[in-house]
Amino acid sequence: MNDERCDVVVIGAGLTGLAAALFAVRRGLDTVLVGRTGALGFASGLLDLLGVHPVGGHTPLEDPWQGITALRADQPQHPYALIDNPAIERALGTVLAFLAANGHPYITRPHRNQTVPTAVGTLKTTYALPCTMAPGAMALARRVPCLLVDFHGLKGYSARQIAATLAGVWPGLTPVRIAFPEAHGELLPERLARALDTVPAREKLVAAIGPHLGEAAAVGLPAVLGFYHSPAVVAELQQGLGVPVFEIPTMLPAVGGLRLRELFETALPAMGVRSLWQQWVDGARRLPDGRWRFSVAAPSGEQHFTARGAVLCSGRFFGKGLHADRHGIREPLFQLPVVQPPHRADWHHKDLLAPEGHPINRAGVAVDETFRPVDGRGRLVHDNLFAAGTLLAHQDWVRQKCGSGLAIATAYAAVRACAALI
Amino acid sequence: MQTQVLIIGAGVTGTGLARDLAMRGVDCVVVDKQDVNAGASGGNHGLLHSGARYIASDAAAAAECHAENRILKRIAPHCIEATGGLFVAVAGDDENYITDFADACRRCRVPVMAVEPKDALEMEPALSRRLIAAFAVDDATIDPFRLSLNNMAGARQAGGRLLRHHRVTGFEVHAGRIRHTRLRDEITGRDLFVAADVVVNAAGAWAGTVAGLAGAPLPMRCSKGTLLVTQSRLASRVINRLRRPTDGDILVPGGTVSVLGTTSARVADPDGVYPEIDEVDAIIAQGAAMIPELATSRYIRAFCGVRPLPGDGAAFADGDGDDRAASRGFLLMDHHRAPERLANFITITGGKLTTFRLMAEKTADLVCERLGVVAPCRTHCEPLPDATTERWTQPGLAPAEWWRRKAGGDLLLCECEIVPQSTVDQIVAGLGALGGRPNLNAVALRSRIGKGPCQGTFCSQRLAAYLYDRGHLAGDVGIEQLRLFLRERWRGQRPLLWDLPLAQAELLEAMHCGLFGLELD
Ligand SMILES: Cc1cc2nc3c(=O)[nH]c(=O)nc-3n(C[C@H](O)[C@H](O)[C@H](O)COP(=O)(O)OP(=O)(O)OC[C@H]3O[C@@H](n4cnc5c(N)ncnc54)[C@H](O)[C@@H]3O)c2cc1C
Ligand SMILES: Cc1cc2nc3c(=O)[nH]c(=O)nc-3n(C[C@H](O)[C@H](O)[C@H](O)COP(=O)(O)OP(=O)(O)OC[C@H]3O[C@@H](n4cnc5c(N)ncnc54)[C@H](O)[C@@H]3O)c2cc1C
């Protein structure tokens, strides 16, 4: 039977788990990462820090840091209230530097959120933009006349829809539909992105767009511009067309998240993280000496890891970090206490878009200031178990637009506390 | 606008009446504050009753159901699946009701045949092993959307008109006649006046409110019922619990799914009703006694409707006040003979989906008498034509067409229910003939879009993008359309969000709120 030792096991490989593994290995911990990539495979690649506060207030935040300070005062149980701004900044800085070093630079503005158009023609407020989307924020800010390109066969993405919907705030958007070079029938975003990693496809795309350019001072395309080499693809299109080129986030599954996933999956093992991708921790037991013993159902048979500490980054219902039946919500791996509304009738509002958000989205695992799960009376459940990410209670990342920031900041704080302990 | 007959309400009754009148050469306009089948006709079980359910509470209604069941199977077979039905009792059910059942059916002339429990289990393996009695009856299922859309298409062919999104807000009464009916266009907010020789109130559970606008008192009770759709079809026949009607005692197949229901709860107002979580739990608990699998099945949608029950309840309800025991017969009211003495106002309400044709016939007879038109009813013998643009609500139909014609460029907009662009084109063409601009909910109403396990996460935006591409949507209306579409789907998802559907809902919210920010202004 396969049995290995390590300092820390990170459970779950969504953005939280990936960031936690990065922080752990940087701190010199012998790290094992087990899990599926989950929601990240669906995400846009935008990194939100805090876009809305208070929820229901409707105006996106200009300065996310000020917003976090206000949030901390208004909602002392919010996970952001357990970390100070400098630590959040350090956490984000580490991840952004890591992404840049691995070929995917992100653009931030000091103390400012940024705004980009989306595939449905709304404006999305976020913090860090992939460099391939950044010229879009600039073009929007200056309302420059743009050509919006889409492709025959790419469902759910209509340049015409975006242009028409935004016409009131951003006149001068001209939609055009072209055939994607050498593709027919239904187009899948990931395939287009991989095709554009090759030079000939990019040249053909430039040639196809060129005749439509007209007076346009920038060109917006769906976020399919390259898979591994998107910054180079965008730079080359820019050079070929002579104007800035930018990506617009599509509906999911979006390429932006897949790019991040690939990047982490390549870089983390190279840094020494022992990674069990797409595998599942199906048992957790504490040994008499206090260490954790985890079993992982691997195709090669059951595998075991004994660790001095663990960071649970298992996500919510979509990631299976939480499970609900008709009678209540459970955390399935450690049976941790879950903060939740008393009755199922209180889980969701009758209106999907109720401004205040659904109470169930604030359900989750509650932690103390060292990110260790606590029970209803605030007592520690285990002294060497930490939790981070969207699994945590008292936050609503969807409505607060803080998904990635929450993932990264709480992963940082949990790993910091775990390292201090072991 | 001028017409011979104005019909208020585009449910099965109003659209059925429109076709009947049109076939007799009478000019009519149908108006609905929302759309076709926005009321009870879009929120029911789709059971074409054999009559057996009403043998104890209402023998006359039972006999009517039986007669109409036969007629509809003949004239509208494309809207009906002749599944047959079973009435089943499990250990603990009322022995007296079981013993009397067959005789009571025969007294109402409702055909019935005893089935050995072991044979019943062979016919329907999902039934409980605790089965103690079973009877076969002539129940069938009927697609109320296709029915109403076809009736309306038939009426339109003969010159009838439909105004969607027009609400009746008042009547101008002069010398005992309604001279004008005031309508408000719910989209533009503009008023419109219709001058009609006769006005028919076919507003279902809203009939009391509409009559009130004309100063005609019409007490109505509103009885809400909730229904659940399972992800797969659990039985091939209609399964009824063999006992007095109560919660969660009927399972009706519908294409690839089954529909479990229902409940009966008095509500003050037919608007703003939702399927509630306690109702869902009650229905599942009751249903599982008959079909154990229902306790663990995956449910994809809940919905509810409000039964129009004429009367204030005193004369109808039995001792415990259960509206289910109330008469399912219909009310045809000639307001000329009522104290308000309105010469050209008629109300038709109550009844059932199963008896809509009969209700339309009796109403049309009265309307024709008032107009001095002499023409017999023909809806009981003349087949209901199947209009292609109105066909797409049938589960499995769009996929079949798509596979048959699979053209390279015809992309699937709804991957769960296999609805391609070409189907949407046909629906849009049908809507265009009504003079309306298509919108997401109107297309959803006329197709299976958004009715699969993805809960509309993906097809909503795919449909919006497509409608923009084809020039059917313009400006920024798409945002509001997406909101309305997702909200409408949500009503039916919310009570069923646990296990996988909850995870799906989380993904939906991540995309539509997290990324697109649809909850923000
Ligand atoms: C549609 C969509 C849109 C998004 N848009 C944005 C956006 O605009 N801006 C933004 O900042 N972020 C966005 N996000 C990303 C989101 O913020 C991040 O995905 C999220 O913050 C990270 O969550 P997480 O890692 O805590 O959980 P998850 O991503 O759910 O990851 C948890 C992982 O743990 C795994 N797991 C659970 N239990 C076990 C176990 N026992 N063993 C092994 N593995 C396990 C799960 O399978 C899952 O893969 C979006 C996400 C989605 C889905
Ligand atoms: C839960 C449930 C299950 C049922 N199951 C079955 C079954 O299995 N079999 C069966 O035979 N029957 C069943 N029924 C009964 C059947 O559905 C109804 O009797 C039938 O649909 C009523 O049709 P209608 O056209 O009279 O009314 P509705 O369908 O309610 O139509 C009335 C219309 O009037 C419109 N309206 C209202 N006010 C205004 C206004 N001011 N201006 C303009 N328009 C207005 C509404 O928008 C609505 O579309 C069920 C009913 C319910 C509630």
Side-chain angles (χ1 to χ4, degrees), chain A residues 39 42-44 46 48 51-52 58-60 118-125 152-153 155-158 160-161 164-168 177 184-186 249 251-252 254 316-320 323-326 343-345 347-355 357-358 360-361 397-399 401 403, chain B residues 272 274 276-278 280-281 284 408-409 411-413 415 421 457-469 471 473-479 482-483 486-487 489-491 493-495 497-500 502-521:
Chain A
F42 290 92
S44 56
L46 301 171
D48 297 354
V52 174
H58 289 281
T59 4
T118 72
V120 301
T122 49
L123 298 179
K124 159 82 179 164
T125 295
H152 288 290
K155 296 193 296 203
Y157 187 93
S158 160
R160 188 165 171 169
Q161 176 183 14
T165 306
L166 282 174
R177 172 155 297 185
H184 310 280
E186 179 164 354
M251 57 182 281
L252 51 101
R316 302 184 67 78
F317 302 99
F318 184 71
K320 297 195 172 68
H323 182 263
D325 62 21
R326 275 199 285 149
H343 304 292
R344 195 170 100 238
W347 286 1
H348 296 96
H349 279 286
K350 286 187 168 157
D351 176 9
L352 167 68
L353 304 174
H358 303 290
I360 196 171
N361 290 341
W397 71 266
V398 173
R399 297 303 174 101
K401 320 293 170 201
Chain B
Y274 291 82
E276 301 287 352
I277 281 155
D278 54 347
V280 167
D281 288 347
I284 293 176
L411 306 185
L412 288 181
L413 296 177
E415 291 176 355
Q421 292 170 340
T457 308
F458 302 100
C459 50
S460 52
Q461 164 56 10
R462 289 196 195 116
L463 178 59
Y466 185 67
L467 293 179
Y468 269 102
D469 286 342
L473 293 181
D476 61 1
V477 296
I479 302 287
L482 275 171
R483 288 187 182 128
L486 292 169
R487 281 185 157 131
R489 297 284 105 214
W490 180 256
R491 290 162 70 89
Q493 293 153 14
R494 175 184 168 267
L497 296 181
W498 65 86
D499 207 353
L500 289 176
L502 179 60
Q504 182 62 47
E506 203 174 72
L507 191 65
L508 181 146
E509 226 197 318
M511 181 165 111
H512 289 283
C513 298
L515 179 58
F516 295 150
L518 288 184
E519 85 282 19
L520 305 171
D521 282 337

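We name chains A, B, ... by the order of the sequence lines, and we start the count at 1 in each one.
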ask   = Could you walk me through whether B:Ile277 and A:Arg326 pass the side-chain contact (heavy atoms from CB on, under 4.5 Å) check?
value = CA-CA 10 Å; B:Ile277 281 155; A:Arg326 275 199 285 149; over 6 Å; no
message = Determine whether A:Phe318 and B:Leu502 satisfy the following criterion, side-chain contact (heavy atoms from CB on, under 4.5 Å), listing intermediate values before the conclusion.
response = CA-CA 8 Å; A:Phe318 184 71; B:Leu502 179 60; over 6 Å; no
task = Take A:Thr122 and B:Leu515 through the test side-chain contact (heavy atoms from CB on, under 4.5 Å) and record every step on the way to the result.
result = CA-CA 9 Å; A:Thr122 49; B:Leu515 179 58; over 6 Å; no
request  = Apply the test side-chain contact (heavy atoms from CB on, under 4.5 Å) to residues A:Trp347 and B:Leu497: give CA-CA distance (whole Å), side-chain angles for both, the deciding distance (0.1 Å), then the verdict.
outcome  = CA-CA 9 Å; A:Trp347 286 1; B:Leu497 296 181; 5.6 Å; no
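Using a 4.5 Å cut-off between heavy atoms, B:Gln493 makes no contact with chain A at all. Looking at A:His348, both its backbone and its side chain come within 4.5 Å of chain B, counting heavy atoms on both sides. Interface remark: A:Ala167 contributes no atoms to any contact with chain B (heavy atom separation under 4.5 Å). Heavy atoms closer than 4.5 Å to chain B are found nowhere in A:Leu166, neither backbone nor side chain. Heavy atoms closer than 4.5 Å to chain A are found in both the backbone and the side chain of B:Asp281. Looking at B:Leu467, neither its backbone nor its side chain comes within 4.5 Å of chain A, counting heavy atoms on both sides. Looking at A:Leu123, there are no atoms closer than 4.5 Å to chain B (heavy atoms on both sides), in backbone or side chain.
A donor-acceptor contact shorter than 3.5 Å links the side chain of B:Glu506 to the backbone of A:Phe317. Proximity of a side-chain donor or acceptor of B:Gln461 to a complementary backbone N or O of A:Gly156 within less than 3.5 Å is detected. A donor-acceptor pair under 3.5 Å is absent between the side-chain atoms of A:Lys401 and the main chain of B:Gly517, judged by distance alone. For the pair A:Lys155 (side chain) and B:Leu411 (backbone), a donor-acceptor distance under 3.5 Å is absent.
For B:Arg487, the salt bridge (Lys or Arg N to Asp or Glu O under 4.0 Å) test picks out A:Asp351, with sequence neighbours left out.
Using a 4.0 Å cut-off between charged side-chain N and carboxylate O, B:Asp469 and A:Arg177 make a salt bridge. Salt-bridge check for B:Arg462 with A:Glu186: failed, with every basic side-chain N at 4.0 Å or more from each acidic carboxylate O.
In this structure, the side chains of B:Cys513 and A:Arg399 come closer than 4.5 Å at one or more pairs of heavy atoms.
Here B:Trp490 and A:His349 keep their ring centres 6.0 angstrom or further from each other.
Between chain A and the options B:Cys459, B:Ala474, B:Gly471, the largest number of non-hydrogen pairs under 4.5 Å is found for B:Gly471. Of the residues considered (B:Ser460, B:Gly475, B:Ala464), B:Gly475 shows the highest number of contacts with chain A, using heavy-atom pairs under 4.5 Å.
Of all the heavy atoms in B:Ala510 and A:Val398, the pair that sits closest is CA-CG2, 4.2 Å. Smallest separation of non-hydrogen atoms from A:Leu252 and B:Leu507: CD1-CD2, 4.2 Å. Nearest heavy atoms, A:Ala119 versus B:Phe516: N-CE2, 4.2 Å. Scanning both residues, A:Val120 and B:Ile479, for their nearest heavy atoms gives O-CD1, 3.4 Å. Residue A:Arg344 comes nearest to B:Trp498 through the heavy atom pair NH2-CZ3, 3.6 Å, listed as atom of the first residue, atom of the second, then distance.
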